[in-house]
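These notes are about the structure you will find just below.
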Amino acid sequence: PSRDHPKPDATKYALADCVDHERGACKRASDPISRGRQRLLRVARIGCNPIANSFDVDLPLCSPDLATPGPLELLRPSRPKKNMITLRSVAVSISISASAILVLLFGAVGVRGNSLVSGAIFATPLVVLLVTSPRIRLTLGDLLFATFVGLAAISIAINGATASAKDYALLCLSLAAYPAFRGLGRGFNRELFAIITGAIVTVGTIATAMFILRGEMANGNHPAVFGFAEASLYFAKSFAFILFALASSGVSLLVLLAVALVPCMVFSAAMVRYPFIGIVCGFAVIGLMTARRMQVAVICAAIVAVFAVGMLVRPATSQRLIGYVASTFVPTVSASDDPTAYISPNHADCGPLNWSDSIAIRRALTREAFAMMPRAGFFGIGLGGFEKASCMKQYPHNIFLQTAVELGLPAALLLIGLVAVAVTAALGDSFVLASLVFAVIEAIFSGALTGAILLFGFMGWAVGSRET
C-alpha cells in the first residue's frame, strides 16, 4: 500500500489492463499502489489462495463474496475443479488397467470374453477424458502427432481394407489416448490412482499366485489366470505404475519395499520378463530426476533379488528361459544345427526354428520386418499387412517396426520423433517420464499399433506436462 492508500479496496485495482491473458503474467504494473512487477507476479501465481496472505503484500485476494472473484483472480490460470480431477483420475486408472480389469471381470463371471464389454471398458475412460479435457495450447508434439495421424489415414486410404474392423477400431482407440491424456498436466490425483490401481493389482497378484500353485500353465511359461495366458503381464504392467506413482510421491523406502516385494515374487514366478526391465528403467529415471538416488538403488536391488528368488519357484522353466537369453548373446549353434529347432508344418517357409523360444521368434520377426521395409513403400503395406506377409503369421511385437512396414517409414520416423519430444517435455515430472519410458520399452518388446493406448496416452500426457 502506498501512503495515500493504506487499506485499498480490491475493486480499486486497475489490473485488468496489465494482464497478458495468454501467458498469465503482467505486461506493466499500471496501478499506482503496486509495489513492483515481481511482487505482483508472485501474488498472481498464487491466485485466490489463503497461502498468499503469508506474503508481505497487504492485498485482498478476493472480493468478500468468494463466489465472485476479485481482480487478482483474473491472473490465476484456469484449473479443473476437485471433482473433475477426481473423475479424470479414476478414468486414467481404469484406462491404464483396462486389460487387467477385463481378466478379473471375465474370470468372476466365468466367460472367455465379450467384445461389447471389452470395447466399453477400453473406450469409456477415454471418452470421459476427452469430454472433460481442458483447453490446451498446441506444441511441437501435437503437430507431430497430427502429422502421424494424417500419414496413417493416407496409408489406410491407399492400401484399402487390409485388416478387420476390430483392428481399425483398436487403432482408433490407441490414437485417441493421446488427446485424452493430453490435458492431465492440469490436474491429477496420484494418491487416488495408486489406491484404485493397487486394489486391482492386489486381486491380480492373489489370483496369479493361486494359478501358479495349481500348476495351470499356458504355453509352459505363464499361468493361465482364469484361462488368460497374458493375465500376469497385464497385472505386472499395472503394478509398475503403482511403484512409479509412490516413488515420485516421496513415500518412504520401507513403504515401497512393503508394496513391491510380494507382487515382484509372484510375477517373477509367472515368468514375466519385460515389465521388470521397464520397472528398473523407470526407477532409474526417478533416481536421476530426484534426490532419492540411494533409495532408488536399494529398491532396484531388492526387486532384482526378489525376481531371482521368484524364478526359483519354477526352476526347470527358469533354467530353460535363462538358456534362451544366454543363447541370444552367445549363440552356440546355428538355427539349422540346433537340436531344438524344427520346421513347423504350419510355417514351413520359416525354416527350422525353436518354436518354444519366444526370443528366437522375436529375432526372426525382426529380421522379417527389416527385409520388408524396402518394398513397403512410402505409405507401407496397410494395417495388418505384416502379419499376412510374415511366414509366422504374427505381428512383429515392435510398434516401431510394425509402423515402418504397415504405415511407411516416414510415419515410423515421426513416431520416434514424437517419443523424443515427449521425453524432453516430461523432464519436469518424474512419474510421467518413468511411465513413458516403461511404455516405450513395452512398445519395443511387445508393442502393436492396435494395442498402444499406454504409449500414445503417456506421450500425450508428457507433451502436456509442461502446463502443470
Side-chain angles (χ1 to χ4, degrees), residues 90 92-113 117-118 121-122 125 193-219 221-247 256-283 299 303 306-307 309-311 313-314 317 321 358 434-435 438-439 441-443 445-448 451-455 457-458:
V90 171
V92 171
S93 304
I94 295 174
S95 181
I96 288 177
S97 299
S99 296
I101 293 172
L102 287 172
V103 168
L104 297 177
L105 179 61
F106 292 147
V109 298
V111 298
R112 291 287 299 167
V117 174
S118 299
I121 295 295
F122 280 112
F193 168 79
I195 291 172
I196 296 174
T197 312
I200 296 169
V201 172
T202 299
V203 178
T205 301
I206 295 172
T208 302
M210 290 174 55
F211 280 87
I212 290 175
L213 294 176
R214 291 179 185 177
E216 299 182 22
M217 301 296 165
N219 60 46
N221 294 334
H222 305 309
V225 182
F226 301 118
F228 296 93
E230 304 296 320
S232 54
L233 284 172
Y234 302 148
F235 299 139
K237 289 192 291 185
S238 298
F239 169 63
F241 297 116
I242 294 176
L243 294 181
F244 298 153
L246 294 177
L256 275 176
L257 291 173
V259 171
L261 295 186
V262 173
C264 277
M265 184 171 295
V266 172
F267 295 138
S268 63
M271 299 300 151
V272 171
R273 286 166 290 180
Y274 78 79
F276 281 97
I277 298 174
I279 288 172
V280 172
C281 292
F283 269 114
I299 191 68
I303 289 175
V306 173
F307 179 80
V309 173
M311 294 190 72
V313 174
R314 300 167 61 194
T317 306
L321 294 178
S358 60
S435 301
F438 182 92
I441 289 175
E442 184 204 15
F445 282 93
S446 189
I453 287 179
L454 289 180
L455 178 64
F458 278 105

Restricting to non-hydrogen atoms, name the atom on [X] and the atom on [Y] that form the minimum distance, rounded to 0.1 Å.
| X | Y | result |
| --- | --- | --- |
| Thr208 | Ala270 | CG2-CB, 4.0 Å |
| Met265 | Val309 | CE-CG1, 3.8 Å |
| Ile96 | Ser238 | O-OG, 4.3 Å |

Aromatic ring pairing Phe276/Phe307, orientation class (parallel under 30°, perpendicular over 60°, tilted between) =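 Geometry flag for Phe307 against Phe276: tilted rings.
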Taking the six-membered ring where the residue is Trp, are the ring centres of Phe241 and Phe438 under 6.0 Å apart?
->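 Yes, ring centres under 6.0 Å apart.
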[X] vs [Y] side-chain heavy atoms within contact, under 4.5 Å:
| X | Y | answer |
| --- | --- | --- |
| Val225 | Phe235 | yes |
| Phe267 | Thr205 | yes |
| Phe228 | Tyr234 | no |
| Tyr274 | Lys237 | yes |
| Leu243 | Ile279 | yes |

Ser99 OG to Ile121 CD1 distance, which is reported to the nearest 0.5 Å =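 It comes to 10.5 Å.
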Verify, without hydrogens or angle tests, whether Ser446 (side chain) and Glu442 (backbone) share a donor-acceptor contact under 3.5 angstrom.
->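 Not at all, since once roles are kept as given, no pair shorter than 3.5 Å links the two residues.
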